[in-house]
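Take a look at the structure below.
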Protein chains: 2
Amino acid sequence: MPASSDTPSSRRERPAKPALTRAGLVAAAVAVMETEGLHKVTMRRIAQELDTGPASLYVYVRNAAELHAAVLDELLGRVEPPSEDGTWRERLEKVLTSYAHLLLDRPALARSALVARPSGPHYLDLIEILLALLAEGGVPDGQAAWGVDVLLQHATATAAEHAGRTPGARDREDWHTLETALRDADPGTRPRTAALSGPLLAGPPDARLSWAIQALINGILHTPTP
Amino acid sequence: MPASSDTPSSRRERPAKPALTRAGLVAAAVAVMETEGLHKVTMRRIAQELDTGPASLYVYVRNAAELHAAVLDELLGRVEPPSEDGTWRERLEKVLTSYAHLLLDRPALARSALVARPSGPHYLDLIEILLALLAEGGVPDGQAAWGVDVLLQHATATAAEHAGRTPGARDREDWHTLETALRDADPGTRPRTAALSGPLLAGPPDARLSWAIQALINGILHTPTP
DNA sequence: ACCTGAACACCGTTCAAGT
DNA sequence: ACCTGAACACCGTTCAAGT
């Protein structure tokens, strides 16, 4: 620990540049993500945060994508573990909802989770938890294995999808465009869309997520693998 | 028009720079995407293709994301319409499979489809088709409306997910990392994962997609909306 | 081994100026 | 109105050189 030779708060109160480690790098990246969003988690920005040049980071991380993946896994550590009481279905829904909300609050991370192939320890923990709950519900092994993928994929995609809907977001317009396109569908050429524009757009995200999770569970439970 | 003082096919046979239009811009973008991939569809690259500067494109398109969305919608026009024969389930699966394969062949586009909020005419056509098929199957309106979202989301996410698995891909490693992480799961700490690592990884993409679509349909069919 | 300054090869977007 | 050169403010990654 070389953080020794400093007189009490010398130059500008900076806490004596700690040695660079992978953990420190990831921690800095998480901090920047929480305060400024994932789009600021760039090699250059994090390097600056750590008082070095971008080239230095490549000692600990293969590329920028790997850094984003590490940030994601860090966050996955905050998924709430299954509660003690309730049916397996309720507990399963709770875990997935907790996961979804984590991402719902971090739009850009949700989008990156969809595109990255997570493989960190916290992601593996999450898979184990979901498999255990499905086993508890008596879901056959093969269906459980394939089902976990579908469940996580849906929760992630939903978070990424609704991420743009928040007040201050850049891409609110995209939503508005789709909304009006559906609402203004011509009953002549697109009758079903016109008739269902209400339900297509209706429902708070939470209600839709909850319904989708239950529908997914029902499907997984009742559809044998080949 | 300063392109006048040319003798028949002067300088390098270039076919007399056609007037710029939105359609021409999108066509150029689609061409570049098909030949070089979406990551080459940048404002600068397309501008170069059209013999102009990047600033000129902003007359027809608000930003790069809108250009990508236009390319996506163009491609959605190639989804196969439902066949005449077969049950509604079979026809529904075929449409979704056709959609998924379109994206499976274009990794980067699949990823962008997941993150963009499509609202083009071809996307609306697709929604109409899916709603009609679900109606034919007797799926209640509310469930059909919410179900369409889940079905499209799954097909898109699956395409994006398996996109990286192709031979020449950059991110093959991501897959390999997850694969070995699952296969090497410690039976002590992650027993379910260790036991199911086979099924978790098994199955050709087509079989998994087909199973998931059927599971989704079953779930949608048997889960009433609130 | 670890670290880094500097460079390479790109981006998207804006804006003042031209036609 | 439409178009554009040039600039602004960024990127990721590599590499030769330093310690």
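Protein chains get the first letters and strands the later ones, always in sequence-line order, with residue 1 at the start of each.
- As a whole-Å value, the separation of B:Leu57 CG from D:dC2 C1' is 13 Å.
- Residue pairs meeting the side-chain hydrogen bond (donor to acceptor under 3.5 Å, both in side chains) criterion with at least one partner in residues 22-36 of chain A, sequence neighbours excluded, are A:Arg22-A:Glu66, A:Glu34-A:Arg78, A:Glu34-A:Arg106, A:Glu36-A:Arg45.
- Looking at heavy atoms from C-beta onward, A:Arg208 lies out of side-chain contact with A:Thr158 at the 4.5 angstrom threshold.
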Exercise for review: Let me have DNA chain D in dot-bracket notation, would you? Count Watson-Crick plus G-U wobble pairs, both distances under 3.5 Å, and use [ ] for pairs crossing earlier ones and | for inter-strand partners.
Suggested key: ||.|||||...|||||.||
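- In this structure, B:Gln48 places its CD atom 10 Å from P of C:dC10, rounding to the nearest Å.
- Within the nucleic acid shown, B:Thr42 comes within 4.0 Å of sugar-phosphate atoms alone, with no base atom in reach, counting heavy atoms only.
- Two residues are said to be in side-chain contact when any heavy atoms from C-beta on lie closer than 4.5 Å; B:Thr42 and B:Leu67 fail this criterion.
- Scanning for side chain to side chain donor-acceptor pair (under 3.5 Å) contacts around A:His101 gives A:Asp206, with sequence neighbours left out.
- Atom pair B:Leu67:CG and C:dC11:C1' shows a separation of 14 Å (rounding to whole Å applied).
- A:Glu74 meets the side chain to side chain donor-acceptor pair (under 3.5 Å) test with no other residue; sequence neighbours excluded.
- Nucleotides C:dC3 and D:dC15 place their C1' atoms 13 Å apart, quoted to the nearest Å.
- Atom CG of A:Leu50 is separated from atom P of C:dT4 by 10 Å (rounded to the nearest Å).
- Qualifying side-chain contact (heavy atoms from CB on, under 4.5 Å) partners for B:Ala132, counting only residues two or more places apart in sequence or in other chains: A:Arg192.
- Looking at residues two or more places apart in sequence or on another chain, you find a salt bridge (charged side-chain N to carboxylate O under 4.0 Å, His left out) between A:Asp125 and B:Arg190.
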Please tabulate, one pair per line, each protein N/O and nucleotide N/O from nucleotides 13-19 of chain D that are separated by under 3.5 Å, including the distance.
unit_1	atom_1	unit_2	atom_2	d
D:dT13	OP2	A:Tyr58	OH	2.9
D:dT13	OP2	A:Ala64	N	3.0
D:dT13	O5'	A:Tyr58	OH	3.3

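- For A:Ser112, the side chain to side chain donor-acceptor pair (under 3.5 Å) criterion is met by no residue, not counting sequence neighbours.
- Evaluation of the side chain to side chain donor-acceptor pair (under 3.5 Å) rule for A:Ser56 yields A:Thr52 as partners, not counting sequence neighbours.
- Atom pair B:His39:NE2 and C:dG12:P shows a separation of 13 Å (rounding to whole Å applied).
- What separates NZ of B:Lys40 from P of C:dC10 is a distance of 7 Å, to the nearest Å.
- Checking C:dC3, D:dT4, D:dC2 against every side-chain atom of A:Leu20, the shortest atom distance belongs to C:dC3.
- Mapped onto DNA chain D by nearest heavy atom, B:Gly53 and A:Val41 fall at different nucleotides, with B:Gly53 at the one closer to the 5' end.
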